[in-house]
Number of protein chains: 2
Amino acid sequence: MPEATKSMTIGTLAKMADTHVETIRYYQRRGLVEVPDKPFGGIRRYDEKAVARLHFIRSAQWLGFSLEEVGELLKLEDGTHCDEARTLAEHKLGDVRSKIAGLQKMEATLDDLVGRCRCSRDPQRCPMIHSLYTDLSDAPENPDT
Amino acid sequence: MPEATKSMTIGTLAKMADTHVETIRYYQRRGLVEVPDKPFGGIRRYDEKAVARLHFIRSAQWLGFSLEEVGELLKLEDGTHCDEARTLAEHKLGDVRSKIAGLQKMEATLDDLVGRCRCSRDPQRCPMIHSLYTDLSDAPENPDT
DNA sequence: TTTGACTCCGTAGTCAGGTACGGAAGTAAG
DNA sequence: CTTACTTCCGTACCTGACTACGGAGTCAAA
């Protein structure tokens with residue numbers, strides 16, 4: 001582990017994590033990112049852990065977790081609420097698995113669609129798209145909750 | 001195909017699609033759901049196709065597509081822009097596939113977590129959660145766009 | 001030691017995706 | 001024909017996740 005980038009300012013941190021200062025502050029307000037102590041009347045500094053945390057938040061979000069859920073996932077980190085953590089992780093696992101299942105269904109449908117759609121010269125022959133409806137509408141019995 | 005439920009009112013449609021009247025109207029405003037002609041001074045009626053469309057919208061949304069994207073997917077339906085449609089579907093497919101990959105990574109991590117987290121009596125022993133960071137933070141190079 | 005960029009912090013605005021409200025008009029049951 | 005329930009349509013409001021703004025303080029290079 002390189003100790004190179006220790007003590008970044010929030011601006012540098014933002015660049016490192018490919019996000020914006022205001023977004024980081026927003027996460028801090030929401031308790032997702034720690035607000036480091038600031039040296040008397042000085043400026044707060046951040047390290048690589050903050051970068052990693054921001055990456056994690058962005059990844060989890062991209063995968064469809066809300067910031068609230070991300071917060072829960074992040075609680076698993078401290079290792080102090082092991083039982084809770086396991087329960088939470090099990091829940092998330094269920095979540096993740098049904099998302100995967102749903103996406104795989106969509107993958108199959110889209111793949112099928114792309115496969116059939118070899119009708120470059122005859123638009124009339126491209127009606128299989130209708131399967132988008134039927135294939136998917138019976139997919140998730142009970143989306144989310 | 002049963003022709004049973006022809007000519008539902010918007011309220012019935014909402015129930016059938018397990019959604020709300022106002023949501024349907026919102027989709028109509030966004031052009032995702034057709035507004036049928038109304039008989040002079042009467043009330044608009046909807047059929048099974050509308051139900052299917054609403055199911056589709058909800059499924060696609062649940063899978064992480066925005067209403068704007070859902071709109072694009074729905075354009076595939078008329079079969080008149082076959083090339084465009086295929087391109088669009090290919091894009092979505094790429095999207096879907098990387099989401100699946102990301103979620104599978106998360107699944108593995110969570111599964112591992114749940115497996116290791118057999119430390120009901122010793123919280124200190126639960127530090128593997130850190131893998132959430134490292135496993136995921138190098139996952140999607142370029143989330144969304 | 002001044003200047004320009006950056007930080008801090010609070011508050012306000014934005015955008016997506018709904019959700020709620022309210023009055024007028026349609027409709028169905030008794 | 002009245003009463004109760006819907007529909008219609010417009011506008012306003014709400015939540016989540018940012019994004020922008022402004023004034024005061026900090027810091028580092030010239």
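Naming convention: chains lettered A, B, ... in sequence-line order (proteins, then strands); numbering from 1 in each chain.
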How many whole angstroms separate atom [atom1] of [X] from atom [atom2] of [N]?
X	N	atom1	atom2	value
A:I24	C:dC6	CD1	P	14 Å
A:R58	D:dC18	CZ	C1'	12 Å
B:K38	D:dT6	NZ	C1'	13 Å

Considering residues at least two apart in sequence or located in another chain, which fulfil the side-chain hydrogen bond (donor to acceptor under 3.5 Å, both in side chains) criterion with [X]?
X	answer
A:R30	A:Y26
B:Q28	B:Y46
B:T9	B:T12

Could you list all N or O pairs between the protein and nucleotides 12-23 of chain C that sit under 3.5 Å apart?
from   : atom 1 : to    : atom 2 : distance (Å)
C:dG17 : OP1    : B:L67 : N      : 3.0
C:dG17 : OP2    : B:R30 : NH1    : 2.8
C:dG18 : OP2    : B:Y27 : OH     : 3.1
C:dG18 : OP2    : B:Q61 : OE1    : 3.2
C:dG18 : OP2    : B:Q61 : NE2    : 2.3
C:dT19 : OP2    : B:T23 : OG1    : 2.9

Tell me, please, which residues at least two apart from [X] pass side chain to side chain contact (heavy atoms under 4.5 Å, CB included).
X	result
A:S66	A:E68, A:E69
A:T23	A:T19, A:H20, A:Y27
B:Q104	A:I100, A:Q104, B:I100, B:E107

Q.
Looking at D:dC8, I'd like to know if its phosphate oxygens (OP1 or OP2) sit under 4.0 Å from a side-chain N or O belonging to B:R25.
A. yes

Q) Counting only side-chain N and O atoms of A:T9, is one of them less than 4.0 Å from OP1 or OP2 of C:dT7? A) yes

Quick one: does [X]'s side chain get under 4.5 Å of [Y]'s, heavy atoms only?
X	Y	value
B:I57	B:L67	yes
A:V51	A:E48	yes
B:I10	B:R44	no
B:M16	B:L54	no

Q | Non-neighbouring partners of A:D111 that pass salt bridge (Lys or Arg N to Asp or Glu O under 4.0 Å), sequence neighbours left out | A | B:R97

Pairs under 3.5 Å (N/O, protein and nucleotides 23-28 of chain D):
from   : atom 1 : to    : atom 2 : distance (Å)
D:dT26 : OP1    : A:G41 : O      : 3.1

(Q) Taking the axis from the first five pairs and the axis from the last five, what angle separates them in the helix from C:dT1-D:dA30 to C:dG30-D:dC1, rounded to 10 degrees? (A) 10°

